[in-house]
2 protein chains.
Amino acid sequence: MRKGDHRLIQELNRSKVLNHIRREGPISRIALAKQNGISPSTVASAVQELIKEGYVSEIGPGSSSGGRKPILLRFNPDHHHLIAVAITNSRMLLARMNLEARVLAKAEYPISGVKGEAVAEFLVEHLDRFLTEDGVQSTCIGISVTVPGIVRSDEGIVLYNTKLGMNRVPLKRMLESRYGMKVWLENDMNSVVLAERQFGKYAYANLIYISIGDGLGSGILINETLLHGKHGGAGEFGHTSVNRGGVRCECGNVGCLDSYISWMAVYSRILTALTSGRTTQINELTGGDYTRIVPEVYKEALRRGDRLALDINEEVADHLGAAIVNLINMFNPEALVLGGEMGRDNEALLEKVRLYINKHAMPILREDLVFGMTSLGEDDKLIGAAAVLLQDLFGFSLMES
Amino acid sequence: MRKGDHRLIQELNRSKVLNHIRREGPISRIALAKQNGISPSTVASAVQELIKEGYVSEIGPGSSSGGRKPILLRFNPDHHHLIAVAITNSRMLLARMNLEARVLAKAEYPISGVKGEAVAEFLVEHLDRFLTEDGVQSTCIGISVTVPGIVRSDEGIVLYNTKLGMNRVPLKRMLESRYGMKVWLENDMNSVVLAERQFGKYAYANLIYISIGDGLGSGILINETLLHGKHGGAGEFGHTSVNRGGVRCECGNVGCLDSYISWMAVYSRILTALTSGRTTQINELTGGDYTRIVPEVYKEALRRGDRLALDINEEVADHLGAAIVNLINMFNPEALVLGGEMGRDNEALLEKVRLYINKHAMPILREDLVFGMTSLGEDDKLIGAAAVLLQDLFGFSLMES
DNA sequence: CGACTTTTTCCATAACTCGAAATAAGAAGT
DNA sequence: ACTTCTTATTTCGAGTTATGGAAAAAGTCG
């Protein structure tokens with residue numbers, strides 16, 4: 001924990017002023033002073049420094065009620081930029097973003113056959129090219145990387161990722177020594193829940209994000225802070241056992257939620273139905289080509305009211321609902337967000353799960369619970385990477401250094 | 001959030017010094033300065049104040065390696081005291097305790113037939129008498145109360161407790177206005193997990209306490225901070241559903257863990273076995289008197305290797321094990337502690353659950369996981385109440401005031 | 001145009017930490 | 001017993017930062 005010295009009070013006040021401008025701006029110096037309980041002189045000197053560093057700009061006079069017009073200040077998101085990297089199990093996204101998590105430039109590369117340490121090499125190779133682009137005026141704050149799997153964000157190590165075959169890869173150290181910039185590393189689900197809070201429509205301090213894709217993952221925010229657990233392994237929602245008599249999972253447990261409601265589970269149920277000759281609109285949507293059955297097709301079938309899709313959806317919703325009610329009882333969150341390839345835009349699923357929650361969760365815990373669909377677009381993991389960096393850049397903690 | 005001013009840095013340094021003496025003392029001023037990165041002069045002035053207030057005492061010279069002997073300082077737990085109140089569903093405990101959570105004086109009253117607002121009156125009545133005891137020299141810091149049920153500790157309100165019939169009782173406000181002292185209020189399980197960390201043998205920042213008694217409860221510590229959730233309703237471990245086809249629980253869910261492994265569930269299974277004529281040592285232990293079947297008897301039967309008790313234990317361990325593995329996957333804790341009437345000293349259960357964990361939890365999450373029995377005695381909830389107060393008294397937070 | 005308001009800037013002051021020096025007290029060698 | 005060295009504590013001046021009040025700047029309103 002930090003000690004108390006003059007640097008501490010100055011950094012704290014600076015951080016309070018900057019975040020207030022970020023969130024409530026445009027705003028005048030005097031309003032900043034009043035709303036934060038800091039004296040006008042202190043605000044003035046903090047603002048002076050922030051302007052010099054390019055984080056804040058004066059945008060001209062505001063309106064007055066009989067006196068000097070205030071000089072309004074706003075956060076300036078474009079004087080600096082950051083590099084966001086989102087690694088998924090199938091592709092790698094690179095982006096240059098501004099301090100409001102807007103994508104300024106983007107590149108995407110499929111990862112196929114690249115495993116283990118080679119993933120880091122693959123990243124470095126493409127990042128080299130991406131970073132040497134011309135015409136970038138603003139200064140770069142650093143690189144923020146999100147990866148699926150178990151990540152020790154404090155040490156910057158990818159501890160464990162089956163599909164990419166990564167095992168104790170010290171990605172942060174590798175990138176920092178190569179590029180001489182500060183590097184952040186975080187689990188992808190964790191990054192997205194931060195992003196939903198900061199840049200989405202879920203500005204809650206106790207927020208849970210649930211992603212249904214080829215696996216099932218979650219990111220959990222408690223008192224504005226990510227739940228990491230001892231090794232960064234918290235939030236393994238997909239390996240919650242929902243059936244003690246179920247099949248053994250690679251994680252060691254039995255009847256894992258993952259094996260009931262991930263895309264793989266849905267896909268195999270569709271295949272079983274198709275091979276047993278059941279009629280479904282999925283056939284028309286794909287022209288009978290099994291390889292063209294993807295989450296989008298399934299969701300389209302749902303929207304069209306296809307019986308098979310609806311049946312599967314019902315089953316998924318039941319399992320998911322039960323698991324989510326357990327989450328609600330354990331965490332008492334303010335809001336729950338559904339996302340991932342299977343969750344996104346899947347209104348049918350959202351509604352079914354909502355019904356389950358209303359029927360089974362404790363009234364006091366669900367009455368004012370917000371339950372909704374992800375509000376970030378397809379760049380969610382890039383925005384997540386940015387959110388991780390920005391939370392650290394603008395946040396204030398007694399723990400650091 | 002607090003602003004940065006001179007008071008902040010002084011309070012922070014004072015808090016660092018005091019806690020360092022509390023945890024590492026006896027210790028000299030110079031060692032405090034070195035280990036905290038604070039200058040000797042600052043330490044000296046902080047210590048001077050702490051001595052004046054009675055929190056710290058000089059205990060004489062330590063040993064030297066060729067120079068002036070250091071003056072050792074120790075935490076003085078007896079210059080102040082606090083009042084701890086533990087309300088359970090069946091009785092009320094009052095105690096005067098010192099700042100090391102040692103019980104100095106204790107009283108116990110059965111609560112029978114007292115419900116709702118009357119519980120508060122009952123408390124006040126006995127507390128009046130307890131507080132007017134003679135011979136108390138040290139100054140009283142305040143009153144700390146623990147209650148089962150859903151508690152809004154920030155607002156000091158007992159939101160909800162079925163068995164005591166309490167509903168939105170503003171206990172903190174009531175006691176503060178009557179006694180003119182600061183009052184703390186916390187859920188009982190939460191208080192105990194704090195106590196296990198501070199005064200028990202589980203000094204982990206990420207700790208989960210599980211209590212099996214007439215109900216099933218948990219207290220969860222994340223990064224040294226209690227998990228409260230939005231309304232203080234987090235940690236309702238007993239209402240985790242483990243069987244979607246199970247019986248409906250009063251909480252609204254189905255197949256709650258509570259209905260499988262609480263004392264009520266065990267008791268009813270014993271009764272069923274007895275009435276169906278099964279032979280068991282429980283008969284000998286109770287002389288056939290069903291009303292004398294209590295958790296202690298069941299645990300004694302277990303120790304004696306009674307077949308029925310062992311069978312029930314196996315079943316309980318299976319359910320509990322599955323639920324705990326889910327906890328491990330969600331929280332990735334450093335340590336898990338088992339307590340409560342059914343858990344305490346129940347080595348058979350501990351071992352069975354440990355086996356289940358080793359078989360089903362993800363290796364990376366369980367390898368260095370500590371799983372053990374509660375280390376606090378029967379005063380656990382009183383020590384818990386003290387821990388809640390002391391955490392707030394000695395801890396430092398940017399949030400307060 | 002003058003009186004009044006509101007915002008911003010400037011400056012002397014107070015509070016606190018820090019580092020160096022002074023003081024205190026004991027250890028070790030002669 | 002005396003000197004020298006080592007370590008701990010205290011003292012004091014310097015440095016840093018917030019603060020409150022005064023002054024300046026820039027409006028509004030009649």
Asker: Looking only at side-chain N and O atoms, does H81(B) offer a donor or acceptor that is under 3.5 Å from a partner on T139(B)?
Answerer: no

Asker: R2(B) CZ to dA18(D) P: how many Å, rounded?
Answerer: 15 Å

Asker: Classify every nucleotide of nucleotides 14-24 of chain C by which part a protein heavy atom approaches to under 4.0 Å, writing B for the base, S for the sugar-phosphate alone and - for neither, in 5'-to-3' order.
Answerer: -BBSBB----B

Asker: How would you list all residue pairs meeting side chain to side chain donor-acceptor pair (under 3.5 Å) that involve residues 25-34 of chain B, not counting sequence neighbours?
Answerer: R29(B)-E58(B)

Asker: For the side chain to side chain donor-acceptor pair (under 3.5 Å) test, which of E224(A), Q198(A), R197(A) pairs with Q391(A)?
Answerer: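 For Q391(A), the side chain to side chain donor-acceptor pair (under 3.5 Å) test succeeds with only one of E224(A), Q198(A), R197(A), which is Q198(A).
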
Asker: Give a yes or no on this: more than 12 heavy atoms of other residues, nucleotides or ligands lie within 6.0 Å of atom CD of Q48(A).
Answerer: no

Asker: I want to confirm an ordering. Mapping K69(A) and E58(B) to their closest nucleotides on DNA chain D, which one lands closer to the 5' end?
Answerer: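 The 5'-side residue here is E58(B).
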
Asker: Carefully, step by step, assess S138(B) and H79(B) under the rule side chain to side chain donor-acceptor pair (under 3.5 Å).
Answerer: CA-CA 5 Å; S138(B) 58; H79(B) 193 271; over 6 Å; no

Asker: I need the residues from residues 48-56 of chain B with at least one non-hydrogen atom less than 4.0 Å from DNA chain D; give them sorted by number, or say none.
Answerer: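 Heavy-atom cutoff 4.0 Å gives no residues at all.
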
Asker: Counting only heavy atoms not in R102(A) (residues, nucleotides, ligands), do more than 12 fall under 6.0 Å from its CZ?
Answerer: no

Asker: For I9(A) and I9(B), which heavy atoms make the closest approach, and how far apart are they?
Answerer: CG2-CG2, 3.2 Å

Asker: Nearest heavy atom decides the nucleotide; on that basis, is G66(B) or R29(A) closer to the 5' end of DNA chain C?
Answerer: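 Here R29(A) is the residue nearer the 5' end.
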
Asker: Looking at five pairs on each end of the helix from dC1(C)-dG30(D) to dT30(C)-dA1(D), what is the angle between the two axes, given to 10 degrees?
Answerer: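 About 0°, once rounded to a multiple of 10°.
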
Asker: How close or far is atom C1' of dT8(C) from atom CD1 of I71(A), stated in whole angstroms?
Answerer: 7 Å

Asker: Only pairs at least two apart or in different chains count here, so list each ring-ring contact (aromatic ring centres under 6.0 Å, His included) that has a residue in residues 44-76 of chain A.
Answerer: Y55(A)-H80(A), F75(A)-F394(A)

Asker: Could you state the atom-to-atom distance from CD1 of I30(A) to C1' of dG20(D) in whole Å?
Answerer: 12 Å

Asker: Just by modelled atom types, is the S63(B) backbone N or O under 3.5 Å from a matching donor or acceptor in the K69(B) side chain?
Answerer: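 Here the side-chain-to-backbone pair does not exist.
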
Asker: Between the side chains of E53(B) and R14(B), is the shortest nitrogen-to-carboxylate-oxygen separation below 4.0 Å, so that they form an ion pair?
Answerer: yes

Asker: Using ring-ring contact (aromatic ring centres under 6.0 Å, His included) as the criterion, list what pairs up with Y202(B), not counting sequence neighbours.
Answerer: none

Asker: Separation of L72(B) atom CG from dT7(D) atom P, in whole Å?
Answerer: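 It works out to 17 Å between those atoms.
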
